[in-house]
Asker: 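One structure follows; several queries about it will come next.
Chain identifiers are assigned alphabetically (A, B, ...) following the order of the sequence lines, protein sequences preceding nucleic acid strands; residue numbering begins at 1 within each chain.
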Amino acid sequence: MTEEANPVTCHEFQAQLPEMIGSGESLAAHAHLLHCALCRTLLADLETIAEAARLIFPIVEPPDNLWKQIESAIKKEKAAIEPDEGKE
Amino acid sequence: MAAIPPITDAPSQAAPSLPLEAFSEADLLAQAQAGDHRAFAQLYSLHKKRIYSLCMRMVGNAAEAEDMTQEAFLQLHRKISTFRGESAFSTWLHRLAINVVLMQLRKKGLSLISMDEAMEPDPKGNSGRGFGARDTTLAGSIDRLALERAVGNLPAGYRLVFVLHDIEGYEHHEIASMLDCSVGNSKSQLHKARLSLREALHSLPRQEARP
Ligand SMILES: [Zn+2]
């Protein structure tokens, strides 16, 4: 069964995409993409989004008072449990 | 034992300039494991940004991210003596924080895997063309804030997989074990997340092309 004799539709192609993309398969030479501009556009966009995600999400600083809160939560916990260093 | 330098509260703009000349992270870790509170505080200073940022991405809002960060460092405090150095400490802490966030989300009754199939292509509705057929690309036009907002608006299950895979760089098999789902499920959630982001980004009013 060749692609020419039985070409996959966009629907069929897109249904296989999660698996093909997820397994790192190279899609550039996929028969469907050779003649379907819409799916090429779709794929290009998905790659753009994934690439943008890697690059643009900033590292942010937590508010200054967060440590105080954590510290007091630790103290509370210590007070609740007996401060014995019993380690299993 | 030498005294640990006091924790300086560096202004948030400044590059990290912690007084660590005398102590490597391994020293701090050993001291924190022995119960030294100031060493633990130093570890917090070293890792707070990464952990808080992770929580922000996973839950999508600052108030919850603070709660999750607090819970993560509380857990760290409880478990730090069990760290045996099989992996890098930062990797271990990162995983611990992810588990804390997932546990908190489960506690809230949130399903971590979005079962919503609304985005499945509808074979009747669009005659095999696939959904969201668009002939223009996003290339070069993704605005950082728009993407951040769109990620924040994703359903929780999609967002988690997207954040863990595309932003934090975990593999599908790792995500599957974190979320307790199948690898195929992780792949399809990621795909749906990206499709959903694509729709959101395409539906923004187009700005004038910027140089
Ligand atoms: Zn197509």
Asker: For a 4.5 angstrom cut-off between non-hydrogen side-chain atoms, does B/Leu105 reach B/Met68?
Answerer: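 When only atoms from C-beta onward are counted, B/Met68 and B/Leu105 do touch, with a gap below 4.5 Å.
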Asker: Count the heavy-atom pairs under 4.5 Å between each of B/Tyr44, B/Phe73, B/Phe40 and chain A, then report the option with the highest count.
Answerer: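 Most heavy-atom pairs within the cutoff with chain A belong to B/Tyr44.
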Asker: Would the number of heavy atoms belonging to other residues, nucleotides or ligands and lying under 6.0 Å from CZ of A/Arg40 be above 12?
Answerer: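 It does: A/Arg40 CZ has more than 12 such atoms within range.
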Asker: Under 4.5 Å heavy-atom distance to chain A, tell me which part of B/Leu190 shows up: side chain, backbone, both or neither.
Answerer: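 The answer is neither part of B/Leu190.
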Asker: Heavy-atom distance under 4.5 Å to chain B: side chain of A/Ala37, backbone, both or neither?
Answerer: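 Neither part, no heavy atoms under 4.5 Å.
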Asker: May I ask you to decide whether B/Lys108 forms a salt bridge with B/Glu64, counting only side-chain N to carboxylate O separations under 4.0 Å?
Answerer: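 So B/Lys108 pairs with B/Glu64 through a salt bridge.
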Asker: B/Tyr158 versus B/Gln189: any side-chain heavy-atom pair under 4.5 Å?
Answerer: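 Yes, their side chains come closer than 4.5 Å.
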Asker: Where on A/Leu46 is there a heavy atom nearer than 4.5 Å to chain B: the side chain, the backbone, both, or neither?
Answerer: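 When you check distances to chain B, atoms from both the backbone and side chain of A/Leu46 fall under 4.5 Å.
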Asker: So what's closer than 4.5 Å to chain A heavy atoms on B/Val163: side chain, backbone, both or neither?
Answerer: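 No part of B/Val163 comes within 4.5 Å of chain A.
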Asker: Decide, yes or no, whether a salt bridge links B/Glu148 with B/Arg57 under the criterion of side-chain N to carboxylate O below 4.0 Å.
Answerer: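 Not counted as a salt bridge, because no side-chain N and carboxylate O are separated by less than 4.0 Å.
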Asker: As an exercise: rank A/Glu51, A/Glu47, A/Gln69 by heavy-atom pairs under 4.5 Å with chain B and give me the winner.
Answerer: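 Most pairs with chain B among the choices: A/Gln69.
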